[in-house]
Amino acid sequence: MDYKNSLNLPRTDFSMQANLVQREPQRLAQWHSSDLYGQLMAARAESPRFVLHDGPPFANGDVHIGTALNKILKDLILKSKSLRGFQTPYIPGWDCHGLPIESKVTQELRAQGKSEADAATIRTACDAYARKYIDLQRQQFQRLGVLGDWNNPYLTLAPQYEADELRQFADLVEKGFVYRGKKPVYWSVPFRTALAEAEVEYADHISQSVFVRFRLVGEPNTYVVVWTTTPWTLPANLAVAFNPKFFYSYVFAQGNTYLVANSLLTSLSEKCGWEGYQIIRTAQAEELASLQYEHPFCERTGRLFPADFVDDSTGTGFVHIAPGHGMDDYQLGLSVGLPIYCPVDDEGRLVATADLPREQQLPESLVGKSTLAKAGKSEANEAVLALLTEKEALMRREDYSHSYPHCWRSKSPIIFRAVDQWFIRVDHTGNSPGALPFRQQALAAIDSVNWIPDWGKNRIQGAVQSRPDWCISRQRTWGVPIPAFYDASGEPILDAGIVRKAADWIEREGSNVWFTTPVEALWAGCRPADWSGPEAVRKSQDTLDVWIDSGSSSRAVLMRRPELRGSDGGWQADVYLEGSDQHRGWFQSSLLLSLAGNGAAPFKTVLTHGFMVDEDREKISKSKQGQGGYQKPQTAERYIKDYGCDVVRLWVASQDYRSDIVVSEERLKKVGETYRLIRNTLRYQLSNLYDFNPATDAVADDQLSGLDRWILGEFATLEAAVAKAYDAYEFHLVYQLVSQFCAVQLSAMYHDVVKDRLYTDPAGSARRRSTQTALHRILTRLTQALAPILAFTADEAWEQIPGAATKSVHLSLWNPAAAAVPTEPAWTVLFSLREQALPELEKARQAKLIGKSLDAVLHFALPAVDGALVTSHEAELRELCNCSAVTVTQAAERQITVQVAGEAGRKKCERCWHWELNVGDNPTHPTLCGRCVEAVIPLS
RNA sequence: GGGGGUGUAGCUCAAUCGGUCAGAGCAGGCUCUUUAUAAGGGUCAGGUUGUGGGUUCAAGCCCCACCACCCCUACCA
């Protein structure tokens, strides 16, 4: 007779093979058609809300694996909060404006021969371009299993968003935050336009460098010597900087006295041919700071200022300062109150400006000279050099080769040039008297926010503390227009009322209306009824910095969408979660704008994650693509195609995202192994519940067998730890805890031990039902604990769990155990005995005495303390050791001996493989043990 | 150049206030099983906690210097 059919062998439709790549899209389609997100929102309609506000990715290109990590982390938080009973609305967003799209589109238009396209044409094309990639990325994000309101994302190009952004801007204008100032920008002379950083390329360039002497005021024949590679900026010279940490000396050479840094004296004397120079005396920093000099060819004097950016690698230790022509110069100029003087016009020609009295400015011979370098020379340089020679100020000129910024389109060297810009005043004291300066308010707000990791607070405070005023205008086309005008005298008109009117208009017709409508009509539409200021004759062509776009999302999204309002009516988000680069980016722009416009920080907690690095722990770079580096592109799609989304999600969960995150084939493969471990664990449990109906078969808690009570206690301990890890957003701990539990407590212990009862006990027996009750409870809750991470697999398993309360695991509520359950003392002893017995069994196995442990009988000689606890648990001890029988006797100390079961007069039962004394007692079933006979009789 | 972060077995993570904590899982070697079988069990091996100093009765943990990598920022007059 074939007794195999009488066993309760496992069965399930939950396959061992995951086939994630094929199966996940089917489940996605199912979620989509049943509107799982909508169901979830409805099911939690009365629940407290947990709002995670999405930071908008840039709408360009495929979703990068790093972007996928960010979205998956967000989804882990949302799904875990939802399981715990929160309503978790999620409105994804996209950042749509900005240079990368504009330049891409401009290139495309040029390729089509439309190089002279007007602003509206470019913007329409940019809009289409952004929307194309939003659609693409939306697909790719959804493929990640991220649930959200994908049909109603927020887009920074949406008219309503732009309008809200401008209303926020209007508030800032009204409160006096916004002012007009000058700032040096990269300027392309051939294109007559400001360049963004990304449009600048560095290339080797030979400059005409010069050593120039400035005569000191009140000190005959005494000069300070400066060095510059841009002689054409000398007309803009307003100061000289020195480093207070250096030592300087007065040096007598060739009949004059020169002030020079000691460390550069040797090289300078060689260049200038100073034979037998003499050091007269050293000069102290205080003395230097008191000096004045005469400009070599302009009728003005300048002062010397200390500055720590001055280095002594080249030059003279004194730096020529032109605040209108360099960032360092500009900062120094601002801090000591120099005008931001830039005597260069849009065409790159030297001109006089209104910043200084005309008589102090450049001589007539320089006016109109072009700074544009052709074949290494420029008119302006030549004219300045001639003038320096004439004034006997030029000490030496030499070619100097260095890396210099060039315009990426014209390939010509750019110039640094101060132009008018709009700024937000960070130290604004505001209209409310007695209020702290805005920077202080921001620092206080930062202090009240929960930053994870905690060093995030430090970092953003440092950023806010040291940041200069915020330059918010850009000379770009693809952005939100700054609704400013200019009057007949060229003075700007920026007014909150005007901005609000423009916002209303833009909300109706989109921001292209600003570019397509003639200034007269615009002015007529935006001019407030009670306007008494100057009349506009020209409109602003500037756009807002894109950080104003995304930074306005608290106004345009959090305050705008009712579904994101907190249970208490508040609009602040519970969590923002982005890469740590956003401390200077979105976190800061959001904070500053929300604080200035809405009066509070937009977030309660800010989480940050690190960056993606490759197996060498180096950043994933495009240059490594192909050429012996990465074989495949680093897009999310490529990893999803190779491993399936749940493996990628598990990978995200597996690492401590607070520092760098390693992405490599090896790592993914390892995580794939863990995935299979977990999947097989779930599969084992499901396959042993095929005949279990929790409603009718479940065993009451006090009727559960000791082993089952033990594993439920272990599981409660796990559950408490997992819940704590989720609450702390420490998903890598969830990964470690769950995978180790599956491997150690379940696979190696409980599942292995319990096979015997599940397979061989009568199907409806109390002991088998007890174990099924435990398995069912563990399976249900383990599946829930995994659901945030293995979004697809957990849902697949959930469908197969008998009596599952909801259709999808994501709709279910998880009430994890609150605390760890201590193990009963007897079981502690039983496990320590098992731990000692297993190596003994292994010895017997190595000696070829036994194969499996069921082939053995174990004899335990135990001290009284152990014995007392074990005596009533001999059956459990036998199960734990998976042997055929145990004996327990008294002894002074523990001793465990292994006996081959056959030698103990036992025979192997054909059905359960135990070696028993009563095999063959029943003549009908001569190869079975007594227990199996009992199990078989009702079947026959 | 400046600011922030990270560095513990091949991999991913632990180690409460400095005090039997150098630990787990996986991977790897050996092996058993064929009643989870493209599964499962047992068992063995592995680290001078990035390097070099210092403080302390005691340091993976605190201090200093250095190295590597990551993020931000600035600059090359």
Side-chain angles (χ1 to χ4, degrees), chain A residues 3-4 7-12 16-17 202 207 209 226-230 233 241 308-311 313-316 318-322 325-329 331 400 402-405 453 455-456 458-460 462-463 465-467 579-585 608 610-613 615-619 651 654-656 658-662 664 666-667 669-671 673-674 676-677 680-681 683-688 730 732-733 735-737 739-744 747-749 751-753 755-756 758-760 838-839 841-843 845-846 848 850-855 882 911-913:
Chain A
Y3 291 113
K4 193 168 171 179
L7 295 169
N8 313 304
L9 291 183
R11 12 185 142 134
T12 179
M16 184 176 286
Q17 292 294 304
Y202 284 79
S207 295
S209 77
V226 301
W227 176 69
T228 179
T229 59
T230 51
T233 62
D308 48 17
F309 62 78
V310 176
D311 75 30
S313 58
T314 47
T316 65
F318 290 102
V319 174
H320 142 63
I321 296 297
H325 291 295
M327 257 339 264
D328 274 341
D329 309 46
Q331 300 289 2
Y400 182 73
H402 59 152
S403 163
Y404 191 85
W455 49 258
N458 221 345
R459 186 165 171 178
I460 191 169
Q465 211 130 33
S466 65
R467 72 156 302 142
S580 60
D581 57 335
Q582 300 303 335
H583 283 117
R584 267 203 187 251
T608 50
F611 277 75
M612 211 63 90
V613 294
E615 59 270 11
D616 304 324
R617 294 214 164 253
E618 293 187 359
K619 69 174 170 190
W651 161 74
S654 77
Q655 294 187 93
D656 187 347
R658 293 167 294 198
S659 43
D660 298 336
I661 299 125
V662 181
S664 66
E666 185 196 11
R667 194 77 264 283
K669 280 185 182 133
K670 289 264 162 65
V671 171
E673 300 279 340
T674 308
R676 284 164 57 200
L677 164 78
N680 272 319
T681 302
R683 180 168 184 266
Y684 174 90
Q685 299 186 331
L686 279 171
S687 68
N688 283 295
E730 293 181 322
H732 64 289
L733 295 185
Y735 173 89
Q736 298 278 338
L737 286 164
S739 61
Q740 292 185 27
F741 186 83
C742 287
V744 181
S747 196
M749 246 300 306
H751 286 176
D752 200 40
V753 165
K755 269 191 242 178
D756 181 56
L758 290 170
Y759 299 170
T760 65
L838 291 184
L841 287 167
E842 179 64 16
K843 279 184 210 159
R845 191 153 34 231
Q846 296 294 339
K848 302 289 176 198
I850 59 169
K852 65 176 88 177
S853 47
L854 271 180
D855 299 340
N882 237 323
R911 182 169 175 272
C912 70
W913 299 346

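Just so we're on the same page: letters track the sequence lines, and every chain starts at 1. Worth knowing before you read on, the calculation uses all heavy atoms, side chains too, and leaves out hydrogens, waters and symmetry mates.
The structure places OG of A:S747 at 8.0 Å from CG of A:N680, a figure rounded to the nearest 0.5 Å. Once rounded to the nearest 0.5 Å, the distance linking CZ of A:R683 with OG1 of A:T12 reads 6.5 Å. A distance of 9.5 Å separates CZ in A:R617 from OG in A:S664, rounded to the nearest 0.5 Å. Note that CZ of A:F741 and OG1 of A:T681 are 9.5 Å apart. Values are rounded to the nearest 0.5 Å. Separation of atoms CG (A:L838) and CZ (A:R845) is listed at 8.0 Å; rounding is to 0.5 Å.
Distance A:R584 CZ to B:rG2 P: 15 Å, rounded to the nearest Å. A:R667 places its CZ atom 12 Å from the C1' atom of B:rG10, with the value rounded to the nearest Å. Rounded to whole Å, the distance from CE on A:M327 to P on B:rC75 is 6 Å. When rounded to the nearest whole Å, the span between CG of A:D616 and P of B:rU6 equals 22 Å. Here the P atom of nucleotide B:rC69 and the NZ atom of A:K619 are 11 Å apart, to the nearest Å. Rounded to a whole Å, the CD1 atom of A:I460 is 15 Å from the P atom of B:rG5. Put simply, CG on A:D581 is 17 Å from P on B:rU6, counting in whole angstrom units. When the P atom of B:rC30 is taken as reference, atom CG of A:L838 falls 22 Å away, rounded to whole Å.
Ion pairing between a basic and an acidic side chain is recognised when a charged N comes within 4.0 Å of a carboxylate O; A:K669 and A:E666 show no such pairing. Salt bridge status for A:K755 with A:D752: present, with a side-chain N to carboxylate O gap under 4.0 Å. By the 4.0 Å N-to-carboxylate-O rule, A:E730 lies close enough to A:R658 to be salt-bridged with it.
Base pairing of B:rC62: its partner is B:rG54, meeting the Watson-Crick or G-U wobble criterion (both donor-acceptor distances under 3.5 Å). Across the strands present, B:rA39 finds no partner; the criterion is a Watson-Crick or G-U wobble pair with both atom distances under 3.5 angstrom. Across all strands shown, B:rG7 pairs with B:rC67; the Watson-Crick or G-U wobble distances both stay below 3.5 Å. With a cut-off of 3.5 Å on both Watson-Crick or G-U wobble distances, the partner of B:rG28 is given as B:rC44. Nucleotide B:rG1 forms a Watson-Crick or G-U wobble pair with B:rU73, both donor-acceptor distances falling under 3.5 Å.
Across all strands, A:W455 comes closer than 4.0 Å only to sugar-phosphate atoms, never to a base (heavy-atom distances). Across all strands, A:E666 comes closer than 4.0 Å only to sugar-phosphate atoms, never to a base (heavy-atom distances). Residue contacts shown for A:S687 are absent, as no nucleic acid heavy atom lies under 4.0 Å away. Residue A:T674 is out of contact with every strand shown, counting any heavy-atom pair closer than 4.0 Å. Residue A:V662 is classed as a sugar-phosphate contact, given heavy-atom separations below 4.0 Å to backbone atoms only. Among the atoms of the strands shown, only primed sugar atoms or phosphate atoms (P, OP1, OP2) are found under 4.0 Å from some heavy atom of A:K852. If you check every strand for non-hydrogen atoms under 4.0 Å, A:D656 touches sugar and phosphate atoms only. Residue A:V310 is classed as a base contact, given a heavy-atom separation below 4.0 Å to a base. Nucleic acid contact for A:N458: none, since no nucleic acid atom lies under 4.0 Å from a heavy atom of the residue. Residue A:G462 is out of contact with every strand shown, counting any heavy-atom pair closer than 4.0 Å. At the heavy-atom level, A:Y684 lies under 4.0 Å from base atoms of the strands shown. Contacts of A:S654 with the nucleic acid, taken as non-hydrogen atoms under 4.0 Å apart, involve only primed sugar atoms and P, OP1 or OP2. Using a 4.0 Å heavy-atom cutoff across all strands shown, A:K848 reaches sugar-phosphate atoms only and no base atom.
Checking B:rA77, B:rU31, B:rA39 against the side-chain heavy atoms of A:R845 singles out B:rU31 as nearest. Between B:rG41, B:rA39, B:rA74, one nucleotide has an atom nearer to the side chain of A:D328 than all others, and that is B:rA74. Closest to the side chain of A:Q17, from the set B:rA38, B:rA77, B:rC13, is B:rA38. Relative to the side chain of A:Q736, the nucleotides B:rU43, B:rC13, B:rC71 differ in distance, and B:rC13 lies closest.
Here the separation of B:rG5 from B:rC44, taken at their C1' atoms, is 39 Å to the nearest Å. Spacing of C1' atoms, B:rG60 relative to B:rG7, comes out at 11 Å, to the nearest Å. Taking atom P on both B:rA36 and B:rG46, the two are 33 Å apart, rounded to the nearest angstrom. Rounded to whole Å, the separation between the P atoms of B:rA15 and B:rA22 comes to 15 Å. For the C1' atoms, the distance from B:rC70 to B:rC30 is 41 Å, rounded to whole Å. For B:rA9 and B:rU49, the P atoms lie 9 Å apart once the distance is rounded to whole Å. B:rU8 and B:rC69: their P atoms are spaced 15 Å apart (whole Å). Taking the P atom of each, B:rU56 and B:rU43 are spaced 45 Å apart, rounded to whole Å.
Between the base of B:rU12 and the side chain of A:Q655 there is no donor-acceptor pair shorter than 3.5 Å. At a cut-off of 3.5 angstrom, the base of B:rC71 holds at least one donor-acceptor pair with the side chain of A:R459. One cannot find a donor-acceptor pair under 3.5 Å joining the base of B:rA77 and the side-chain atoms of A:D329.
Under 4.0 angstrom from either OP1 or OP2 of B:rA39 there lies at least one side-chain N or O belonging to A:R676. Taking only side-chain nitrogens and oxygens, A:K755 never comes nearer than 4.0 Å to OP1 or OP2 of B:rG40. Here A:Y735 does not reach the OP1 or OP2 of B:rG25: none of its side-chain N or O atoms lies under 4.0 Å away. The shortest distance between the side-chain N/O atoms of A:S747 and the OP1/OP2 oxygens of B:rG41 is below 4.0 Å. For B:rA14, the OP1/OP2 oxygens have a side-chain nitrogen or oxygen of A:H732 closer than 4.0 Å. A sub-4.0 Å separation between OP1 or OP2 of B:rU37 and a side-chain N or O of A:R683 is present. Side-chain nitrogen and oxygen atoms of A:H751 include none within less than 4.0 Å of the OP1 or OP2 phosphate oxygen of B:rA39. Look at A:S659 and you won't find any side-chain N or O under 4.0 angstrom from OP1 or OP2 of B:rG5.
B:rG46: glycosidic angle within 90° of 0, hence syn. B:rC44 shows a glycosidic angle more than 90° from 0 and is accordingly assigned anti.
Using a 3.5 Å distance cut-off with no hydrogens or angles, the side chains of A:T229 and A:Y404 do not pair a donor with an acceptor.
Minimum heavy-atom separation, A:F309 to A:A241: CZ-CB, 4.5 Å.
Checking A:M749 against A:Q740, the closest nucleotide of RNA chain B that is more toward the 5' end is the one next to A:Q740.
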